[in-house]
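Here is how names work: the chains are called A, B, and so on, in the same order as the sequence lines, proteins then strands, and each is numbered from 1.
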Amino acid sequence: MKWTQTLIPTLKESPSEAEIDSHKLMIRAGLIRRITAGAYAYLPLGTLVLNKVINIVREEMNRAGAIEVFLPALQPLHLLEESGRLAVFGEDLITFKDRHGKISALGPTHEEIITDIVRNEVNSYRQLPMTFYQIQTKFRDETRPRFGVMRSKEFIMKDAYSFDVDYEGLNKSYQLMYDAYCRLFTRCGLKYIIVEADSGAMGGDVSHEFMVPSPVGEDVLIICPKCGYSANRERAEAAPIPAENPSALLATKEVATPGKHTIQEVGDFLKVSPSLMVKTMIYVAGGQPIAVLLRGDHEVNESKLGKLLGQKEVALADHKTIEQVTGAPVGFAGPMGLKIKIIADQAASVLRNFTAGANKADMHTLNVNPERDFKIDQVANLRFVAQGDRCAKCDHELEISHGIEIGHVFKLGTKYSDALKAVYLDANGKSTSMIMGCYGIGVNRIIASLIEKSHDENGIIWPLSITPYHVAVIPINMNDAAIVQAANQIYADLMGVSGIDVLMDDRDHRPGVKFKDADLIGAPIKIIIGKKFVETKEVEIKLRKSGEAFLVKLEEVKSKVKSLLETLA
RNA sequence: CGGGGCGUAGCGCAGUUUGGCUAGCGCGCCUGCCUUGGGAGCAGGAGGUCGGAGGUUCAAAUCCUCUCGCCCCGACCA
């Protein structure tokens, strides 16, 4: 491609709309433009990258034996109703009324659609297993689109769905996708890690997330640098906190803490570390109030609490309930004298002589101890991992960091096949629910996270696999016939090689502009035809990433580029 | 949805507090000259409903009311 024949609107300055590097660079390098909040246009350069990523995804899906389909973005509400996810998606679902008054949705994902097709078209165990995939735009009315293409209302997703006759089959299908994901992210040049995950709104039990570690990631990862244990925040477990040496139990003492509601305030006021305090949180589950005891510096993991209680939804009690249960205004709840079930987080359960609310306005109690002062009904692991926690497997200190979720695989089981009655007849003629898995990849996020991890002060540094152009041919002076002629020859030469994408910067600009732009858009190889060519008939081949440069005779350019591309691959 | 900020030329911004000449600057763009190895120089030029509507005023980018859009923090989130 010649630069003057395409549209690559590079920007010298960073647009004010962008906050993180990848977003800034995608705009500056002319890959994307925002059309409205959470929706982006891919310009020619961005489209080239997008298609390369999609091709890699498609190749690896096909290699794993998945079958491509294409499903409508437009979805009827009744299928989502049938699966129960109309409520789950809630406001995130983009819906509209058509001219007949019928309400439709723009698909946020496609479990229901594919399950509907399979239940209608597949009836026999002889036809299974099957894994279908599609690459499509999904729509979610995100409350806050952010970071450009990283979190948008409209995004491209590869989603796959497997259907098996039993769990053994599911395990195989799951492993095939898992392995395909590893290959495909590696091919895209991404350094990712895989974490155990909670399956969230998708349902199901086993789940892994593919994460690109990055401070701009919106997901929190818990990683053990020693044994490699890794999990997301909801799922992560830490080693139990050992009980302190049983020092003498001190006598309780009520102290005035006027107007001090939060752990921080009380701790500062009483000069007690939050880690020696217990907070008593009143939850409501299944209509019943429950007290959850937590160390002052810890946070409740509601998903763990919900699982423990066997409830889908748990929520903090409202102020009225709290006052009824504790007899004190919010901020002064403690475990002593409570008439409701008390569940203590493991870390809180081993504390002795701790400080807690006194269940009286403006009062806290010092030296509270379980057994003597109140009874713990149940000890459980209910909190998020915190700084300083140790690995449950190897006892090394855990690291808390951030990651960008680029892929997620789930073992769904029969959640959707039960709800939507996707059944098959087994060899005995018995009707059985299919066993499903689902597997998603955020295609846009692959691009954004790659740039996030692979750029320098001059711009993007593409890996060969997804670069829009492998080679930028740069004639230094468009008014010098010899230079232009040589550039044209190199361009034509390389265009004849399959698998090499060439961009010729034929703009009548000064060299500096072309160099800066070539670096900004990240072409791995620059071929510079300049003064040296006029003098010695040599051109310079320069690598984007290392800055390494080679002088090469005109007729050797093609072979040198080929060998460099092999080295870089 | 709560909190904060912004909206002036394609992009980045000043001007708004305290209303007052023809609304400015840098980059980009167009023409010409010149230059050609890391975002050159000179000269000339185009480009604006100051987000929109209404109001106050002799006079509004500037003050008031309403409204639309965008960004950030939080809440939320395959």
Could you work out which one of [options] sits closest to the side chain of [X]?
X	options	result
A:Thr36	B:G74, B:C70, B:G37	B:C70
A:Val513	B:G37, B:G39, B:C72	B:G39
A:Arg510	B:A40, B:G39, B:G38	B:A40

Notebook entry, point to check: Between A:Glu142 (CD) and B:A75 (C1'), how many Å, whole number?
Noted result: 13 Å
Checklist line | Whole angstrom value for the distance that separates C1' of B:C73 from CZ of A:Phe147 | finding: 10 Å
Next item on the list: Please determine if A:Asp418 and A:Lys421 form a salt bridge, counting it only when a charged side-chain N lies under 4.0 Å from a carboxylate O.
Entry: no
Check: Tell me, do A:Arg34 and A:His23 make a side-chain contact under 4.5 Å, heavy atoms counted?
Finding: no
Check: Tell me the side-chain hydrogen bond (donor to acceptor under 3.5 Å, both in side chains) pairs involving residues 475-490 of chain A, sequence neighbours left out?
Finding: none
Margin query: Let's test your reading of the model: under 3.5 Å, does the base of B:G39 pair with the side chain of A:Arg28 as donor and acceptor?
Written below: yes
Check: Under 3.5 Å, is there a donor-acceptor pair between the A:Tyr181 and A:Lys158 side chains?
Finding: yes
Check: In residues 5-18 of chain A, what residues come within less than 4.0 Å of RNA chain B, judged by heavy atoms?
Finding: A:Lys12, A:Glu13, A:Ser14, A:Pro15, A:Ser16, A:Glu17
Next item on the list: Searching all strands shown, indicate the nucleotide that pairs with B:A43 (Watson-Crick or G-U wobble; both distances under 3.5 Å).
Entry: B:U31
Next item on the list: Kindly say whether the aromatic ring centers of A:Phe185 and A:Phe210 come within a distance under 6.0 Å.
Entry: yes
